[in-house]
Amino acid sequence: MSDAHNYTSDENPYLPKPARIIRTLPQILDHQLFQIRFEKEEMINNFTYRPGQFVMLSVIGTGEAPFSISSSPTRPGIIELCVRRIGHVTNALFKLPPNAPVGIRGPYGNGFPLDKLEGNNLLLVAGGLGMAPLRSLLRYALDNRSKFKDVILMYGARNPDDMLFKYELLELIEQPDVKCLLTVDTDNSGMWKAHVGVVTTLFDHAEIDPNNTYAAICGPEIMFKYVLEELLKRNFSKNRILMSLERNMQCGVGKCGHCMVGYKYTCLDGPIFNYWDAINLPEMV
Ligand SMILES: Cc1cc2nc3c(=O)[nH]c(=O)nc-3n(C[C@H](O)[C@H](O)[C@H](O)COP(=O)(O)OP(=O)(O)OC[C@H]3O[C@@H](n4cnc5c(N)ncnc54)[C@H](O)[C@@H]3O)c2cc1C
Ligand code: FES
């Protein structure tokens, strides 16, 4: 289990900690950013995590589901989850009133290996909802700017109205300490000022040295295929390519077997895998 996990071994790992939704920020259609705070001061102070980890969020009386943490551990106190409304739990979550009680257990998963990433260039490549876990890493890197060399974000959405965190990312375009490349597949509005084209077209707009860069990728499955092609074409070492991969999960703690791919538990060994893992577990991507 991850060493960023807060709980001692004699605690019931399935017991959610009481928390409240303190603010809901609409993003795009059927996607909202939920700001959540634990009820107990002790949990607020002790909850630490790594970018790339996830929590199990429970909606009382409905059930629970895993969500990547979108906020950064550099800004403690509030946990941010960017959620797409898709089914049972998320439909109930979207109907909750302000200040509603929810349950949180976690953090779970390995998260990004920050000790390895620090001192290197960081290339973040996201598509759609893949920006949710990568926003945590991006904010972490920007809040610890001196620990990283170049920070490059490549993010693609289907169209401008589908771009998550659009306004905060547009602000980054002007910022000198990050290269923020945003693209949309199509722009019918004619108002979009950044790039148009699939996310891989952004590779032509950045200089990337594969020898001192870690790439972190998260997005739809089809995007992985083409982004991996670009990275391998640029001679990226397979252990410098990190992917955030999702599988159906139930327990989140390596007990139920729902998330198993080959011999790996996605909830314990992942959700962050390097490209070597993907080659050894072909059904992973
Ligand atoms: C590690 C991890 C991190 C995640 N992070 C986020 C996040 O940041 N934001 C977010 O919106 N969602 C995230 N998800 C996906 C989220 O957990 C599911 O969408 C959630 O379970 C939906 O619950 P539900 O009860 O609303 O939908 P359900 O009623 O359970 O399911 C609705 C439909 O979605 C399918 N489904 C459920 N889970 C998945 C999955 N993981 N992959 C593909 N299809 C699935 C079901 O098969 C079903 O067809 C993450 C999943 C994992 C495993
Ligand atoms: S979700 Fe139960 S073993 Fe991973």
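For the single chain, residues carry numbers from 1 onward in sequence order. Order of appearance sets the numbers: ligands from 1, and atoms from 1 within every ligand.
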> Is the shortest distance from atom 31 (O) of ligand 1 to a protein heavy atom below 4.0 Å?
no
> Using heavy-atom distances, let me know which of N248, V59, L129 sits nearest atom 37 (C) of ligand 1.
N248
> Tell me which protein heavy atom sits closest to atom 20 (C) of ligand 1, plus the residue, atom name and distance to 0.1 Å.
A65 CB, 3.8 Å
> Considering only heavy atoms, does M260 approach ligand 2 within less than 4.0 Å through its side chain, its backbone, both, or neither?
neither
> Going by heavy atoms in the side chains, are D150 and K179 under 4.5 Å from each other?
no
> Under 4.0 Å and counting heavy atoms only, is there anything from the protein next to atom 5 (N) of ligand 1?
yes
> Can you tell me if Y155 uses its side chain to pair, donor with acceptor, with the backbone of L124 under 3.5 Å?
no
> Looking only at the side chains, is there a donor atom on one of N280 and D277 sitting less than 3.5 Å from an acceptor on the other?
no
> Which bit of R247 is near ligand 1, meaning a heavy atom under 4.0 Å away: side chain, backbone, both or neither?
backbone
> Side chains of L169 and L138, heavy atoms from C-beta outward: is any pair under 4.5 Å?
yes
> Before moving on, can you tell me the angle at atom 4 (Fe) of ligand 2 between the SG atom of C267 and the SG atom of C259, to the nearest 10 degrees?
100°
> Which of the numbered atoms in ligand 2 are under 4.0 angstrom from any heavy atom belonging to C256?
1 (S), 2 (Fe), 3 (S)
> Any heavy-atom pair between the side chains of V55 and R105 that's under 4.5 Å?
no
> So is there a nitrogen or oxygen of P66 less than 3.5 Å from a nitrogen or oxygen in ligand 1?
yes
> Going by a strict under-4.0 Å cutoff (protein heavy atoms only), does atom 39 (C) of ligand 1 have a neighbour on the protein?
yes
> May I ask whether atom 50 (C) of ligand 1 is less than 4.0 Å from at least one protein heavy atom?
yes
> Can you find an N or O of C82 that's nearer than 3.5 Å to an N or O of ligand 1?
yes
> Which residue is it: D209, N211, N212? I am looking for the one with a side chain to side chain donor-acceptor pair (under 3.5 Å) to N121.
N212
> By number and element, which atoms of ligand 2 are closer than 4.0 Å to a non-hydrogen atom of Y265?
3 (S)
> Side chain, backbone, both or neither: which part of R84 has a heavy atom under 4.0 Å from ligand 1?
both
> Hey, mind stepping through Y275 and F224 against ring-ring contact (aromatic ring centres under 6.0 Å, His included) and telling me if it holds?
CA-CA 11 Å; Y275 190 51; F224 280 103; over 10 Å; no
> Checking contacts now, so for atom 46 (C) of ligand 1, which I'm interested in, is there any protein heavy atom under 4.0 Å?
no
> Could any protein non-hydrogen atom be found less than 4.0 Å from atom 17 (O) of ligand 1?
yes
> Any idea how F47 and F38 line up, ring-wise: parallel (<30°), tilted (30 to 60°), or perpendicular (>60°)?
tilted
> First locate atom CG of L93, then atom CD of E64, and finally report the distance between them rounded to the nearest 0.5 Å.
13.0 Å
> Among the clusters formed by ILVMFWY side chains lying less than 4.5 Å apart, do I152 and L142 turn up in the same one?
no
> To which of I86, I272, L164 does the heavy atom nearest atom 22 (C) of ligand 1 belong?
I86
> Against T90, only a single residue in L57, V59, V83, T62 fulfils side-chain contact (heavy atoms from CB on, under 4.5 Å); can you say which?
V83
> Can you check which of F67, F54, Y108 brings a heavy atom nearest to atom 1 (C) of ligand 1?
F54
> In ligand 1, which numbered atoms sit nearer than 4.0 Å to a non-hydrogen atom of T90?
24 (P), 26 (O)
> Show which atoms of ligand 2 fall inside a sub-4.0 Å distance from at least one heavy-atom site of K255.
3 (S)
> Between N91 and ligand 1, is there a nitrogen or oxygen pair with a distance under 3.5 Å?
no
> Using a distance threshold of 2.8 Å, state whether an N, O or S atom of C251 lies below it from atom 2 (Fe) of ligand 2.
yes
> Please confirm whether A132 comes within less than 3.5 Å of ligand 1 when only nitrogen or oxygen atoms on both sides are compared.
no
> Going by heavy-atom distance to atom 1 (S) of ligand 2, choose the closest among G252, G257, G254, G270.
G252
